[in-house]
Structure formats: C-alpha cells, structure tokens
Amino acid sequence: MELFWYIVLMTMLAIYVILDGYDFGAGIIHLFFAKTEKDKKAITNAIGPFWDANEVWLIAAGGVLFFAFPTLYASSFSGFYLPLIMILWLLIFRAIGLELRGQVHNRMWEAIWDKAFGISSLLLALFFGVALGNVVRGVNLGNVVNGVSTHEAHFFFLPLWNPTFSPHAEELGIIDWFTLLLGIIGVVSLAIHGANWIIFKTNSDLNEKLKKVVFSLNIVLLILVIVSISIWHIIDPNPFHNFMVHPWLWIFPSITIVGLFGLFKVKSFKKHGIGFLFSSLFLFGGLTTTVASIFPKVLPSTNSINPDLTLYNVAAHEYGLSIGIYWFVIAVILVAVYMFIQYKVFSGKMDDVGYGEH
C-alpha cells in the first residue's frame, strides 16, 4: 500500500514538473527574449488558460504527502521552512505579475509586472532544482552536532547556505555547490521546455529564434548533465546500485537520453509539438531516474546517528491508506474529465486568446 501511494505522489510531482514547468520556462523566455509587446502577448497567451490549473498539481501532491506520508510531511515542511516560504512568495509574485499587468495601461506598470513574472519564474525553476538536489544529497536528520543528536530523529532545519558552501559539511545549507548545480540544470531544462511550449502553442515571430535558443541551451544542458553524473559519486558512493540490482530501472535513464538527444533536432521538426514532447520526456526521465536511484529512501540522512527516512518508516497506517484509495479514484475521474475539457477547448494555437487584456 505504501508503494502504491508513493507511485501516486511521484506521478503527481512529475505531472506538476511537466505542466507548471512550461509556465516557469515561458516566464524565463519572457524575461530574456521577449523584446516587443507582441512577443510578450504571445507568451502570456500561450500559458494564460493553463497556469493556474497546473499549479493545482503541487497542492494535490502536498495533500497526498500529508495524507500518506505524514512523518515526511512534518519533517520536510519544518526543515525546509525557509525556502518553502520563499517559493510561496515567488508563486504569488508570478501569479500577480500575470494578472495585474493588464489592469493599468502604463509602460512603467507593465514593466514592473513583466519583471515580477520573469524573475519569479527564473527563481522558482532554480529553487525546485535546488530542492531536488537536497533530496539527493540528504539532510542532517536529528541535527547531529559533534556526534550527538540534538533533536528528534526525523527533525532538521537548514539555513540557506553554510560558510563552506559544501555538501559534506556537518551543518548543511539549502544551497551548496552540488544543489546549485542541479538548480542551474532546472533553469536550463525548464527554459527549453517553456520555449518548446511557446513554439507549440503560438505562431509567434519568436518561434524561429526560439528553435535556435533550444538547440544552444540543449548543448549547455548536455554538458551540465554529464558533469552532474560525473560528480554524483561524490555525494553517493554507489549511485547506480538500484539500477544494477533491478536492470528494468534503466528504462528511466533511457527516457532521459531520448528526450535530451531528441531536442538536438528541434530545428527540423515539422510538427511544433514534437519539441515539447522531447523536453517532457527529458523532465520525466530525469525526475524518475533520480527517484529510482535513492529508492526506498525519500530523504537520506547525512549522519550515521539517525536512519534515513524511507518509504516504509514515514507512511501512515495501512487502514487509512486503503480507505484513501476510494476517494483517489473519484478524484482521478474528476481531474481527467477537467483536463480533457480544458485542453480540448484550448487546443491549437493560442495567439488570439488575448489573456490579461482588460
């Protein structure tokens, strides 16, 4: 039963990364490449009818985490309190940047909210990448100091960074050179993803330029991925253990590779949605590969005093998990109907939607 809800949670997070990921990426493209009002409108039109629904997947994942894995919920929401509050504010500013921009037709007003939307999107991509890096690296569970656990075994708290900026320090920070690397990978990959969505959903004058941007960024992404794999053993001495024990898990790295190398042909794709498909495959494959590498751990411990938080020691009682399945089935049906209608209504190009115009 724990495994079922774990798969549900990871599926929700993967859907969130793919769907809200293109919103973040569109914001990054908006920040750096949208120079004219026409280009800015094309980008906001592309994501306007979707972004608020996409964010619901994060809330749903948080609900499943609270219901199915309450110990992990309590541990992570207290330990990552500071970055979570920052992410909350960034989500707010990204939203109001989209909603308030068109309320007043003034150049300074529009410029302020354009920056709020773009910078918030960039920082959100960075922080979610850093968050993944923290899960891979682990945290100092129990706040062990000089070999003594100063708090409960599942408790921790991290500042934004430590003086050494090292992932091996006893007192860890949210940001170190390893987690920052994954954060940068997050920014680059979501910028590619957002560009592909804009190409898919608009006939913008930016599209040909964005194909070149995707190709160039994909070279950077390939280099960053190679570097991250090369130094992974510094964080985890045996990062591919699960893949050796269970060879079928190699399907996830294979999906990542297909997505990554498929993006190099973005200039030759006749159908505009193919690039978005490949960037979605890369994001899905990258996330699932990372999750598979640390399974059954959900939050590793960086000390030898307190054990890792695993799928099995953070789960709720089996009775509650089994009852929840009935409500889950109802929710899945409702969400499937909603998404089908949403994407059916807003199928095709979005150039004439006019999102945010008042």
Side-chain angles (χ1 to χ4, degrees), residues 14-15 17-36 38-51 54 118 121-122 125 129 184-230 250-290 343-344 346-353:
I15 293 173
V17 168
I18 291 171
L19 295 186
D20 215 23
Y22 70 68
D23 295 332
F24 298 161
I28 296 170
I29 297 300
H30 189 282
L31 180 64
F32 291 109
F33 299 102
K35 303 302 181 182
T36 67
K38 184 178 179 182
D39 292 340
K40 293 175 182 179
K41 285 293 183 185
I43 293 172
T44 54
N45 288 349
I47 66 172
F50 306 104
W51 69 266
N54 293 341
S121 299
L122 174 67
I184 294 171
I185 291 175
V187 171
V188 175
S189 58
L190 292 186
I192 291 171
H193 194 49
N196 281 325
W197 178 258
I198 295 166
I199 293 169
F200 176 40
K201 297 299 288 183
T202 73
N203 290 312
S204 169
D205 296 337
L206 271 176
N207 285 5
E208 290 305 314
K209 181 179 181 180
L210 289 181
K211 290 180 181 180
K212 297 176 182 177
V213 169
V214 168
F215 183 86
S216 300
L217 286 179
N218 207 49
I219 296 173
V220 176
L221 182 59
L222 176 60
I223 294 171
L224 290 172
V225 168
I226 292 172
V227 170
S228 66
I229 293 173
S230 301
W250 285 103
I251 188 174
F252 298 123
S254 300
I255 291 172
T256 310
I257 293 170
V258 168
L260 182 60
F261 284 94
L263 287 168
F264 280 113
K265 299 187 67 177
V266 67
K267 295 179 182 178
S268 62
F269 293 146
K270 300 300 181 182
K271 293 185 177 180
H272 290 167
I274 302 299
F276 180 73
L277 173 62
F278 278 115
S279 57
S280 297
L281 288 175
F282 173 78
L283 292 173
F284 175 80
L287 180 61
T288 51
T289 298
T290 305
Y343 280 86
K344 185 71 174 177
F346 296 105
S347 61
K349 301 294 184 177
M350 306 294 293
D351 300 272
D352 299 325
V353 170

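Worth saying up front: this structure is predicted, and the values here are computed from it rather than measured. Just so you know, these numbers use all the heavy atoms, side chains as well, and skip hydrogens, waters and symmetry mates.
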Test ring-ring contact (aromatic ring centres under 6.0 Å, His included) applied to F346 - qualifying residues, sequence neighbours left out: F50

Which residue is it: V187, V188, I219? I am looking for the one with a side-chain contact (heavy atoms from CB on, under 4.5 Å) to L224. V188

Cation-pi between K267 and F215: NZ/CZ under 6.0 Å from ring centre and within 45° of the ring axis? yes

If you take all heavy atoms of A191 and I28, which pair is closest and at what distance? CB-CG2, 4.0 Å

Nearest-0.5 Å distance that lies between atom OG1 in T289 and atom CD1 in I257: 8.5 Å

Find the distance between OG1 (T256) and CG (L287) and round it off to the nearest 0.5 Å. 9.5 Å

How many angstroms lie between CD1 in I223 and CD1 in I185, if you round to the nearest 0.5 Å? 11.5 Å

L210 CG to S204 OG distance, which is reported to the nearest 0.5 Å: 7.0 Å

Heavy-atom closest pair (S189 atom, L283 atom, distance to 0.1 Å) is OG-CD2, 3.8 Å

Under the side-chain contact (heavy atoms from CB on, under 4.5 Å) rule, what do L221 and F282 come out as? Steps first, then yes or no, please. CA-CA 11 Å; L221 182 59; F282 173 78; 3.7 Å; yes

Flag side-chain contact, heavy atom, 4.5 Å: T288 against I255: no

Is the shortest side-chain heavy-atom distance between V213 and F32 below 4.5 Å? no

Between atom CG of N207 and atom CD1 of I198, what is the distance when rounded to the nearest 0.5 Å? 8.0 Å

Which distance, rounded to the nearest 0.5 Å, do you find between the CG of L206 and the CZ of F33? 9.0 Å

Over all heavy atoms of both residues, which pair between F24 and S121 is shortest? Give the atoms and the distance, please. O-CB, 3.4 Å

Closest non-hydrogen atom pair, D20 against W51: OD1-O, 3.9 Å

Side-chain donor-acceptor pairs of residues 271-280 under 3.5 Å, sequence neighbours excluded:
| unit_1 | atom_1 | unit_2 | atom_2 | d |
| --- | --- | --- | --- | --- |
| H272 | ND1 | I199 | O | 3.4 |
| H272 | ND1 | K349 | NZ | 2.8 |
| S279 | OG | H193 | ND1 | 2.7 |
| S279 | OG | N196 | ND2 | 3.4 |
| S279 | OG | G275 | O | 3.3 |
| S279 | OG | F276 | O | 3.0 |
| S280 | OG | F276 | O | 2.8 |

Can you tell me how the ring of F264 sits relative to the ring of F261, calling it parallel under 30°, perpendicular over 60° and tilted otherwise? tilted

To check you understand the geometry: which heavy-atom pair defines the closest contact between T202 and A42, and what is its length? CG2-O, 3.5 Å

When you measure from the side chain of N218 to the backbone of L263, do you find a donor-acceptor pair of N or O atoms at a distance under 3.5 Å? no

4.5 Å side-chain heavy-atom contact, E208 and K211: yes

What are the two closest non-hydrogen atoms of V214 and A195, and how far apart are they? CG2-CB, 3.6 Å

Polar side-chain atom of W197 near backbone of A46 as donor-acceptor pair, under 3.5 Å: yes

